[in-house]
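Here is the structure we will look at.
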Amino acid sequence: MTLIEIQEILREVVRTTAKNEFGVELKQVAAETPPKTELGDIAFPVAFELAKLIKQATGEKKNPREIAEVLRSKLSAAQMVGRVEVAGAGYLNVFFDRPTFLSANAAAEPLPNEFRSSQPDAIKVCVEHTSVNPNKSAHIGHVRNSVLGDTFQRILKATGKRVEIQNYIDNTGVQVADVVVGFIYLENKDLAAIKDLDAQLKAVGKTFDYYCWDLYTKVGVEYQMSEELKLKRAEVLHLIEEGGNPTAELADFVATRNVECILDTMARLSIQYDLLPRESEILHLHFWDRAFEQMKSLGVIHYETEGKQAGCWVMPFEEHAGNDENETDKILVRSNGTVTYTGKDIAYQMWKLGILGLDFNYRPFHKYKDGHEVWITTSDSNASVHPAFGGGETIYNVIDSRQSYPQDIVRKGVAAISPERGEKASIHLSYEMVALSPAAAEELGFAMSDEDRKRPFIEMSGRKGLGVKADDLIDRLEANALAEVESRHADSSEEVKNGIAHQLAVGALRYFLLKFTRNTVIVFDFKEALSFEGETGCFCQYSAVRANSIFRKLDEKGETVDQCRERIAENAATLELFATDAGSDIWSMAILASRLEEAIEQAAKQNEPAILAKYTFTLAKAFNLFYHNHKILIEPDEVKRAVLVVVADMARRSLTSALATMGIEVPEKM
RNA sequence: GCUCCCGUAGCUCAGUUGGAUAGAGCAACAGCCUUCUAAGCUGUGGGUCGCACGUUCAAGUCGUGCCGGGGGUACCA
């Protein structure tokens with residue numbers, strides 16, 4: 001029985017008692033974790049609320065402690081409950097029957113390294129993340145998006161959902177056009193020359209996306225000096241959108257190569273996708289036209305004949321509720337007939353929810369090392385067999401908070417077309433940006449003015465080439481980790497050492513980006529991001545590695561966890577053990593390890609992966625202390641050793657599983 | 001102007017949706033490797049939770065008003 005199941009049983013007891021004894025209906029029964037283990041395993045501050053409700057219903061004034069006493073006797077009889085205390089002004093503190101909980105609960109579910117498998121008929125949801133413009137390499141800000149999205153996706157799977165992961169490719173936007181302008185007009189390259197360049201870059205171990213990063217910056221500078229070049233941009237953009245011409249073909253190569261590079265970068269961090277929906281298909285398969293027709297016939301949008309927005313199709317949007325002066329119309333179709341991003345996104349989101357009435361064509365794009373295949377949309381003929389994509393019950397869009405205004409419009413637009421699904425079907429998983437400290441920007445070689453230096457942070461900018469590139473940071477992390485591994489395990493093979501260094505680098509970066517809550521601006525600091533000490537992924541991994549090495553030795557001795565569990569069940573002496581101070585800290589380790597499911601559910605409910613990160617760190621820290629205080633292998637008391645083994649096993653299972661849910665592996669050794 | 005977010009220890013951040021004595025990491029200082037891995041552990045110092053009212057058994061958390069910082073408010077995305 002899991003902790004959550006016990007909690008649910010106890011809630012029900014509280015509910016029925018409130019009804020039968022006091023005639024009060026409780027809608028929700030709040031359960032909380034007491035601040036200290038000595039205060040119990042689950043607490044119900046419900047007596048305060050009941051006192052108020054009873055007074056409202058009957059006029060009778062009851063003391064919360066009096067009410068708590070009634071609940072106490074009922075709760076004491078419940079399954080798995082050892083005893084219940086009334087504390088403070090009326091807290092109900094429930095203490096579990098520890099030996100029973102340990103011997104029954106620790107059943108070795110295959111949690112570590114795999115998620116709870118979702119059934120084929122489970123609810124399907126879509127998570128869109130990454131969505132980097134395919135015209136340059138990814139920087140650390142993009143990685144925050146991807147790590148958040150990927151971790152959230154893992155969390156959803158852990159709660160039993162079926163998840164489809166999409167990475168939207170804006171292959172026909174101005175950003176791609178800018179790099180294409182650079183290739184054609186600054187470097188006089190045609191498609192053949194670019195392919196040649198790509199091959200040359202590969203030969204010297206450089207990547208196409210890095211080259212584009214620099215070129216993109218260069219184009220930005222040139223625009224400032226040449227109006228003529230700016231005109232070229234419009235021309236190129238038009239050709240790309242139209243398709244079926246050499247410029248579009250060139251752009252397609254550039255965008256696709258960048259997508260490949262970005263996928264490689266993300267794969268280094270254990271981030272994979274199921275589908276890459278492309279903007280070119282939204283256009284060429286007339287997704288927008290379909291959405292446009294629906295919006296017109298429903299009267300959601302109208303054609304503006306006068307004023308600033310004359311000639312545009314607009315959607316009314318109340319920017320600020322209750323202030324009709326500020327009502328504005330959002331343009332979906334420009335006066336030149338082209339569709340804005342917001343318009344295209346409405347069509348895309350409708351497809352994601354399965355309410356557009358059109359589908360993409362698909363072809364396989366890339367096969368990951370583990371065999372997983374990522375598909376891409378195409379305007380060409382469909383692959384004969386392809387998975388069913390789209391049609392999610394809920395869609396999660398991982399997009400930074402600077403875009404919450406357009407996201408709001410998209411959501412309202414979709415809801416206007418499909419009121420039965422409504423706004424709740426589409427969730428904007430927003431997060432604050434990753435910025436640079438002025439010092440970090442200078443470290444990257446950017447000249448800072450005095451004014452810049454006074455700023456709390458400097459926004460990264462792909463256009464200016466200002467940012468920490470993801471691959472550079474991962475490289476640095478791997479190099480640092482390798483040096484540490486080298487100093488500890490010099491005799492291991494290069495392959496093993498590199499593998500461990502890689503796992504540590506991934507752990508460090510993913511944890512670093514997950515420990516902040518979504519609405520905290522991360523001011524990037526090299527020292528902090530490169531650290532392997534303190535609150536880091538490495539710390540959590542180290543804790544799990546130490547735990548595993550205990551079980552390796554235990555295995556050599558031929559002692560199993562199941563034997564230990566039986567020994568606990570057979571020995572009432574364990575009760576006495578837990579009454580001592582030494583026992584109390586063992587128990588708090590056990591109960592903390594049991595809270596993983598709760599942490600994952602909370603993270604899913606609040607759309608906040610940081611909750612899981614904090615739990616994982618707390619668990620790792622607790623285990624390090626436990627490890628320090630108890631020498632498990634040499635513990636002479638058989639029963640105590642059994643308890644220590646079972647508790648350590650619970651801890652390593654939760655720890656491994658928590659890390660896996662964050663996309664972090666536990667190394668063999670470190 | 002309007003709107004959203006942030007303000008908690010020297011620094012960077014948590015704070016279980018209103019609960020028990022406000023917690024971590026970093027930095028500083030003092031200790032701990034003959035013991036399952038010291039990427040670890042222990043201890044010390046460090047707080048007017050931006051300010052002021054209010055709501056109630058209870059406020060870092062909710063409301064109102066200020067102060068300070070940032071984002072958004074495009075026929076960009």
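Being a predicted model, the structure only gives us computed values, none of them experimental. Proteins come first, then strands; the chains are lettered A, B, ... in the order of their sequence lines, and each starts at number 1.
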- Query: Under 4.0 angstrom, heavy atoms only, what part of the nucleic acid is A/T338 near: base, sugar-phosphate, or nothing?
  - Reply: nothing
- Message: If you assign each of A/R518 and A/C538 to its closest nucleotide in RNA chain B, which residue comes earlier from the 5' end?
- Response: A/R518
Show me the donor-acceptor pairs within less than 3.5 Å that the side chains of residues 41-54 of chain A make with the rest of the protein, sequence neighbours left out.
residue, atom, partner, partner atom, Å
A/D41, OD1, A/W587, NE1, 2.8
A/D41, OD2, A/F96, N, 2.8

- A/E484 or A/N336: which one's nearest nucleotide on RNA chain B is closer to the 5' end? A/E484
- Query: According to the interplanar angle, ranging from 0 to 90°, do the rings of A/F623 and A/F626 count as parallel (below 30°), tilted (30 to 60°) or perpendicular (above 60°)?
  - Reply: tilted
- Think A/R233 forms a cation-pi with A/Y223, using NZ or CZ under 6.0 Å from the six-ring centre and within 45 degrees of its axis? yes
- Message: Does a side-chain N or O of A/N624 approach OP1 or OP2 of B/rC41 to a distance below 4.0 Å, or not?
- Response: yes
- Take atom CG of A/D585 and atom P of B/rC41, then tell me their distance rounded to the nearest Å. 15 Å
- Counting side-chain heavy atoms from C-beta on, which of B/rC75, B/rG69, B/rA77 comes nearest to A/P406? B/rA77
- Message: A quick test of your reading: do over 12 heavy atoms of other residues, nucleotides or ligands sit less than 6.0 Å from CD of A/E304?
- Response: yes
- Task: Output yes when a side-chain donor or acceptor of A/Y542 lies under 3.5 Å from a complementary backbone atom of A/M670, and no otherwise.
- Result: no
- Message: Using a 3.5 Å distance criterion without hydrogens, assess whether the side chain of A/Q166 forms a donor-acceptor pair with backbone atoms of A/Y168.
- Response: no
- A/Y511 and A/F617 aromatic ring geometry - parallel, tilted or perpendicular at 30°/60° bounds: tilted
- Message: What is the distance, to the nearest angstrom, from the CZ atom on A/F626 to the C1' atom on B/rC36?
- Response: 11 Å
- Hey, does the side chain of A/D178 reach the backbone of A/V219 with a donor-acceptor pair shorter than 3.5 angstrom? no
- Message: Tell me if B/rU17 is syn or anti. Syn = glycosidic torsion within 90° of 0, anti otherwise.
- Response: syn
- side-chain N/O A/S549 vs B/rU37 OP1/OP2, d < 4.0 Å: yes
- Do the side-chain N or O atoms of A/Y341 get closer than 4.0 angstrom to the phosphate oxygens (OP1, OP2) of B/rA77? no
- Message: Under 4.0 Å, counting only non-hydrogen atoms across every strand here, what does A/Q403 touch: a base, just sugar-phosphate, or nothing?
- Response: base
- Message: Rounding to an integer number of angstrom, what distance separates B/rG40 and B/rG25 when you compare their P atoms?
- Response: 10 Å
- Task: Look at the side chain of A/I634 and decide which nucleotide, out of B/rU16, B/rA39, B/rU35, has an atom nearest to it.
- Result: B/rU35
- Message: Check this for me, if you would: do A/E484 and A/R488 make a salt bridge, where the nitrogen-to-carboxylate-oxygen distance has to be below 4.0 angstrom?
- Response: yes
- Integer-rounded Å distance: B/rA77 P and A/L283 CG: 11 Å
- Task: Could you give me the CA-CA distance, side-chain angles and deciding distance for A/E535 and A/K614, then say whether salt bridge (Lys or Arg N to Asp or Glu O under 4.0 Å) is met?
- Result: CA-CA 9 Å; A/E535 194 192 344; A/K614 290 290 173 189; 3.0 Å; yes
- Message: What's A/L625 touching, base or sugar-phosphate or nothing? Going by heavy atoms closer than 4.0 Å.
- Response: sugar-phosphate
- Query: Using atom P of each nucleotide, how far apart are B/rC13 and B/rG71 to the nearest Å?
  - Reply: 16 Å
- Quick one: label A/L504 by what it contacts on the DNA or RNA (base, sugar-phosphate, nothing), any heavy atom closer than 4.0 Å. base
- Can you tell me, in whole Å, how much space there is between the C1' of B/rC62 and that of B/rC49? 16 Å
- Message: Once you apply a heavy-atom cut-off of 4.0 Å, does A/R552 come out as touching a base, just sugar-phosphate, or nothing?
- Response: nothing
- Note on the structure: Of the listed B/rG70, B/rU16, B/rA39, the closest approach to the A/Q602 side chain comes from B/rU16
- Determine the interplanar angle of the A/F524 and A/F526 rings, folded into 0 to 90°, and report it as parallel if under 30°, tilted if 30 to 60°, perpendicular if over 60°. perpendicular
- Please report, rounded to the nearest Å, how far the P atom of B/rU37 is from the CZ atom of A/R652. 14 Å
- Task: Report yes or no: is there a donor-acceptor pair, N or O only, under 3.5 Å between the side chain of A/S335 and the base of B/rC75?
- Result: yes
- Note on the structure: From the candidates B/rG15, B/rC75, B/rG40, the one with an atom nearest any side-chain atom of A/F539 is B/rG40
- Just call it for A/V485: base, sugar-phosphate, or nothing, with non-hydrogen atoms closer than 4.0 Å on any strand. base
- Rounded distance in Å between the C1' positions of B/rA22 and B/rU16: 14 Å
- Dot-bracket, RNA chain B: Watson-Crick or G-U, under 3.5 angstrom, [ ] crossing, | other strand? (((((((..((((.....[...)))).(((((.......))))).....(((((..]....))))))))))))....
- Take the protein atom CD1 of A/I409 and the nucleotide atom P of B/rG72, then report the distance between them rounded to whole Å. 14 Å
- Does any donor-acceptor pair link the side chain of A/R488 with the base of B/rA39 at a separation under 3.5 Å? yes
- Message: When the P atoms of B/rG65 and B/rG1 are compared, how many Å lie between them, rounded to an integer?
- Response: 14 Å
- Message: Is it the case that the side chain of A/D400 and the backbone of A/M433 share a donor-acceptor pair, with hydrogens and angles ignored and the cut-off at 3.5 Å?
- Response: no
- B/rU12, B/rG40, B/rG69: which one has an atom nearest the side-chain heavy atoms of A/E528? B/rU12
- Note on the structure: A/Y303 atom OH is separated from B/rC75 atom C1', nearest whole Å, by 12 Å
- Query: Rounded to whole angstrom units, what separation is found between the CD atom of A/Q407 and the C1' atom of B/rG71?
  - Reply: 16 Å
- Message: Roughly how many Å apart are B/rU61 and B/rG15, using the P atom of each and rounding to a whole number?
- Response: 14 Å
- Task: Select base, sugar-phosphate, or nothing to describe what A/F551 touches, counting heavy atoms under 4.0 Å on all strands.
- Result: nothing
- Query: Rounding to the closest angstrom, what is the interatomic distance between B/rG31 and B/rU21 at atom P?
  - Reply: 35 Å
- Note on the structure: Picking from B/rC36, B/rG40, B/rU12, the nucleotide nearest the side-chain atoms of A/R546 would be B/rG40
- Message: So A/V333, base contact, sugar-phosphate only, or nothing? Heavy-atom distance under 4.0 Å.
- Response: nothing
- Message: Under 4.0 Å, counting only non-hydrogen atoms across every strand here, what does A/D525 touch: a base, just sugar-phosphate, or nothing?
- Response: nothing
- Task: Identify whether the distance between the nearest side-chain nitrogen and carboxylate oxygen of A/D408 and A/R411 falls below 4.0 Å.
- Result: yes
- Can you check the A/N519 CG to B/rG69 P distance for me, whole Å? 20 Å
- P spacing across the pair B/rG72 / B/rA59, given as an integer number of angstrom: 38 Å
- Query: Between A/S404 and B/rU73, does any side-chain N or O lie under 4.0 Å from OP1 or OP2?
  - Reply: no
- Message: Protein within reach of the bases, or only the backbone? For nucleotides 17-30 of chain B, mark each nucleotide 5' to 3' as B, S or -, using heavy atoms under 4.0 Å.
- Response: B-BB---SSS----
- Identify whether the glycosidic angle of B/rC5 places it syn (within 90° of 0) or anti. anti
- Message: At 4.0 Å (heavy atoms only), tell me whether A/T520 reaches a base, stays on the sugar-phosphate, or touches nothing.
- Response: sugar-phosphate
- A/F551 and A/V645 have their tightest heavy-atom pair at CZ-O, 3.5 Å
- Against the side chain of A/K553, the closest entry in B/rA39, B/rA77, B/rC36 is B/rC36
